[in-house]
> 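The structure under discussion is supplied below as structure tokens; questions concerning it will follow.
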Amino acid sequence: MAGTTHFYLLLHVVAALALETEDPQCDGGWQWSHYSPVQEEERCTVERRDGAITYSEFIEQYAYKRPVIIQGITDNSEFRSLCRREKLLQMYGDRSVRLSTANTYSYDKVDVPFQEYVEHLLRPQDLDSLGVDTLYFFGDNNFTEWGSLFQKYIPPPFKLPGTTGAYSFGIAGSGTGVPFHWHGPGYSEVIYGRKRWFLYPPDKTPEFNPNRTTLSWMLETYPLLPAAERPIECTIRPGEVLYFPDHWWHATLNLDTSVFISTFLG
């Protein structure tokens, strides 16, 4: 009888641990639709490094020269758990968020309650809509209201000399993204979903319409590009961080409903 009791107690402990440990493939309640007519690239052309990379290697090989994807450099399992759909709605549903149009220069801003955005505006990209007509939640975060969440995020440990990190948090539907643009260096990490990246060095301006969506560019322009004019590209998943150097052109495409955070170094 004692052995049987211990066996059932062990089962309960294992079950409890299973509930606390989230499957990396779990969608966090964001209900991946896999709608996007575009999926992952045939071959990733961004180098991947594991968490054993040193700061010296990062500075010498990537910081000022080329993008890199670093796997397992931090453990953001706690932050990931807090970014589940039900938890974010519970904590921030009545808070106002600022949406930007998904074109290169993000001209227009619209403020809506977070719950309204999640329940009514968070949807797959419409193939016929222009970027200027597509609302996108990324950046423009109120750090006073969202500060308790960002305090749980562990950013990549490597900074450039003389810079500090600033966070931009976002949630967007499958097929959405931001068309080509450039700014200072930074990191991008996906918490849920997958995000496909397209990058060009500063001296190679891509061919694109700043008011069209990344999805339309991918379907209409990308297939016609000669091999020599293709971007550097890769898809990042939870547990991976992409670093992009200063002034590199880049566009993004969310392959699933995605939750993500960037750390801009300025």
Side-chain angles (χ1 to χ4, degrees), residues 24-25 27 32-54 57-58 60-74 102 104 124-125 127 156 158 170 172-183 185-209 212-263:
Q25 299 303 315
D27 66 8
W32 294 342
S33 67
H34 297 293
Y35 145 85
S36 177
V38 177
Q39 290 300 315
E40 297 185 18
E41 65 288 337
E42 293 182 5
R43 184 174 68 90
C44 172
T45 52
V46 179
E47 184 178 0
R48 277 188 164 94
R49 296 290 302 266
D50 63 26
I53 184 175
T54 66
E57 290 175 323
F58 171 76
E60 293 171 4
Q61 299 179 31
Y62 308 104
Y64 306 101
K65 298 178 180 178
R66 56 193 169 117
V68 63
I69 295 171
I70 308 176
Q71 301 171 311
I73 192 72
T74 57
T104 293
Q125 177 66 55
L127 288 171
F158 302 149
S174 59
T176 64
V178 178
F180 282 104
H181 62 287
W182 58 264
H183 44 66
Y187 296 96
S188 175
E189 180 169 358
V190 171
I191 307 304
Y192 289 106
R194 296 170 298 159
K195 183 184 288 286
R196 187 168 171 179
W197 279 72
F198 309 91
L199 304 108
Y200 284 98
D203 61 351
K204 194 169 184 178
T205 303
E207 177 186 342
F208 73 102
N209 182 328
R212 300 297 300 275
T213 64
T214 303
L215 183 58
S216 65
W217 175 87
M218 184 68 208
L219 295 174
E220 299 166 9
T221 303
Y222 179 91
L224 303 178
L225 294 174
E229 295 181 19
R230 288 283 178 97
I232 297 170
E233 59 182 309
C234 204
T235 297
I236 59 172
R237 306 170 186 81
E240 297 182 321
V241 176
L242 181 140
Y243 168 78
F244 50 88
D246 189 22
H247 280 70
W248 271 65
W249 288 96
H250 55 278
T252 59
L253 181 64
N254 297 297
L255 302 185
D256 311 299
T257 299
S258 300
V259 180
F260 45 91
I261 186 168
S262 290
T263 304

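Predicted model only: the values in this text are computed from it and were never measured. Computed over heavy atoms, backbone and side chain alike; hydrogens, waters and symmetry mates excluded.
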> With a 4.5 Å limit on heavy-atom distance, are the side chains of Phe198 and Arg230 in contact?
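Side chain of Phe198 against side chain of Arg230, heavy atoms only: no contact under 4.5 Å found.
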> Using a cut-off of 6.0 Å, state whether more than 12 heavy atoms not belonging to Glu207 lie near its atom CD.
no
> Taking 4.0 angstrom as the limit, do Glu40 and Arg237 come out as a salt bridge?
yes
> Side-chain contact test, heavy atoms from C-beta onward, threshold under 4.5 Å: evaluate it for Thr252 versus Phe260 and give yes or no.
no
> Do any N or O atoms from the side chain of Glu229 and from the backbone of Pro226 form a donor-acceptor pair under 3.5 angstrom?
no
> Which of parallel (below 30°), tilted (30 to 60°) and perpendicular (above 60°) describes Phe180 and Phe208?
tilted
> With side chains defined as the heavy atoms from C-beta onward, is the minimum distance between Ile53 and Tyr62 less than 4.5 Å?
yes
> Which heavy atom of Gly173 sits nearest a heavy atom of Thr176, and at what distance?
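Looking at all heavy atoms of both residues, the closest pair is O-OG1, 2.5 Å.
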> Indicate yes or no for a side-chain donor-acceptor contact from Thr214 to the backbone of Val178 under 3.5 Å, with no hydrogens or angles considered.
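Flag set: sc Thr214 to bb Val178 pair under 3.5 Å.
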> State, with a plain yes or no, whether a side-chain heavy atom of Gln61 is found less than 4.5 Å away from one of Arg66.
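When only atoms from C-beta onward are counted, Arg66 and Gln61 do touch, with a gap below 4.5 Å.
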> Using side-chain heavy atoms (C-beta onward) and a distance below 4.5 Å, is Trp217 in contact with Asn209?
no
> Shortest non-hydrogen contact from Glu41 to Cys234?
OE1-C, 3.4 Å
> Flag the pair Tyr243 / Arg49 as yes when at least one side-chain heavy-atom distance between them is below 4.5 Å, and no otherwise.
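Of all side-chain heavy-atom pairs linking Arg49 with Tyr243, none is under 4.5 Å.
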> Does His247 reach the main-chain N or O of Pro245 with its side chain, forming a donor-acceptor pair under 3.5 Å?
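Checked: no pair found.
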> Side-chain contact, heavy-atom cut-off 4.5 Å: Tyr64 with Pro185?
no
> Keeping the roles fixed (side chain from His250, backbone from Trp248), state whether a donor-acceptor pair exists under 3.5 Å.
yes
